[in-house]
Amino acid sequence: QEHYGGLQGLTMAWIGDGNNVLHSFMVSAAKLGMHLRIATPRGFEPDLRITKISEQNSKEYGTKLLLTTDPLEAADSANVLVTDTWISMGQEEEKKERLKAFQGYQITMQTAKSAASNWTFLHCLPRKPEEVDDEVFYSPQSLVFQEAENRKWTI
């Protein structure tokens, strides 16, 4: 909102794990007038209960929701590209399996080519290079440090 001047009509693309951070976006995006495009590997989809809530919200608020396994499909025309850790606390033993499952999900400038011309990047930190490459993470389109500052004030 701070960057775009409003959220109504923006498209957010989540590329990564179907985790708690995604769940938060799923229950709130439509209420804020945002379209949501989600790409997760098979077996790492968001919770079905949250998906049903998100589908209901999209219908109620007139937004679009897409769930796919294709990161480029999710990124297509998106204003905001978002990811988070692929290996959350308590999942360290699954690291090898998860890294294999998430191959092709790293956000790169190639991913951004599918996005809208005014795309930005968000990550709630800390970030791992396999999730987003340095070129995107340190680019002028990256708002991760502004996001971190804003999060600090909400905590």
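Just so you know, these numbers come straight off a predicted model, no measurement behind them.
Among residue pairs with one or both ends in residues 116-141, those qualifying as salt bridge (Lys or Arg N to Asp or Glu O under 4.0 Å) are R127-D134; sequence neighbours excluded. Residue pairs that meet the ring-ring contact (aromatic ring centres under 6.0 Å, His included) test with at least one member in residues 42-91, sequence neighbours left out, are F44-F102, W86-F102.
Residue V80 is not grouped with residue L72 when hydrophobic side chains (ILVMFWY) are merged at heavy-atom distances under 4.5 angstrom, including chains of intermediate members. Residues I38 and L7 share a single hydrophobic cluster, defined by chaining ILVMFWY side chains whose heavy atoms lie under 4.5 Å apart. In the hydrophobic clustering of ILVMFWY residues, with side-chain heavy atoms under 4.5 Å counting as a link, F121 and L125 come out together. Both M12 and L143 belong to a single network of hydrophobic side chains, linked directly or stepwise wherever heavy atoms of I, L, V, M, F, W or Y lie under 4.5 Å apart.
At a threshold of 4.5 Å between non-hydrogen side-chain atoms, the residues E55 and L65 count as touching. Put simply, the side chain of K52 does not reach to within 4.5 Å of the side chain of R49, judged on heavy atoms. The shortest distance between side-chain heavy atoms of L22 and V82 does not fall below 4.5 Å. Contact of the L67 side chain with the E45 side chain is not registered, since no non-hydrogen atoms from C-beta on lie closer than 4.5 Å. Using a 4.5 Å heavy-atom threshold, the side chains of P46 and T40 count as touching. Contact of the S139 side chain with the W119 side chain is registered, since non-hydrogen atoms from C-beta on lie closer than 4.5 Å.
Between the Q91 side chain and the S88 main chain, a donor and an acceptor come within less than 3.5 Å of each other. Of the possible polar contacts, one joining the Y105 side chain to the T69 backbone as a donor-acceptor pair under 3.5 Å is found. At distances below 3.5 Å, not a single donor-acceptor pair connects side-chain atoms of S142 with backbone N or O atoms of Y138.
Atom OG1 of T120 is separated from atom CG of L122 by 5.0 Å, given to the nearest 0.5 angstrom. Atoms CG and CZ, from D76 and R37 in turn, are 5.0 Å apart once rounded to the nearest 0.5 Å. Taken to the nearest 0.5 Å, the NE2 atom of H123 stands 9.0 Å off from the CD atom of E147. Put simply, CD1 on I50 and OG on S24 are 8.5 Å apart, with the number rounded to the nearest 0.5 Å. Rounding to the nearest 0.5 Å gives a distance of 8.0 Å between OG1 of T83 and CG of N19. Rounding to the nearest 0.5 angstrom, the gap separating the CG atom in L36 from the CG atom in L10 is 12.0 Å.
Considering every non-hydrogen atom in both S58 and K64, the closest pair reads OG-C, 4.3 Å. What you find for S54 and M26 is that their closest heavy atoms are OG-O, 3.2 Å. The minimum heavy-atom distance linking T111 with I15 is given by the pair CG2-CD1, 3.8 Å. The two residues A13 and A75 make their nearest non-hydrogen contact at CB-CA, 3.9 Å. The two residues A74 and W14 have their closest heavy-atom pair at CB-O, 4.4 Å. Across N118 and Y4, no two heavy atoms sit closer than the pair O-OH, 2.8 Å.
Close placement of the F145 and F137 rings is indicated, their centers lying within 6.0 Å of each other.
Sparse packing is recorded around CD of E93, with 12 or fewer heavy atoms of other residues, nucleotides or ligands lying under 6.0 Å away.
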- Task: Evaluate the criterion side-chain contact (heavy atoms from CB on, under 4.5 Å) for residue pair M34 and T63; output intermediate values, then yes/no.
- Result: CA-CA 6 Å; M34 296 181 72; T63 62; 5.9 Å; no
- Message: Test side-chain contact (heavy atoms from CB on, under 4.5 Å) on K59 and Q56; report intermediate values, then the result.
- Response: CA-CA 5 Å; K59 285 178 188 170; Q56 289 171 337; 5.9 Å; no
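Side-chain contact annotation: T108 with Q106, donor-acceptor N/O pair under 3.5 Å absent.
Take R98 and apply the salt bridge (charged side-chain N to carboxylate O under 4.0 Å, His left out) test, not counting sequence neighbours, and it matches D17, E94.
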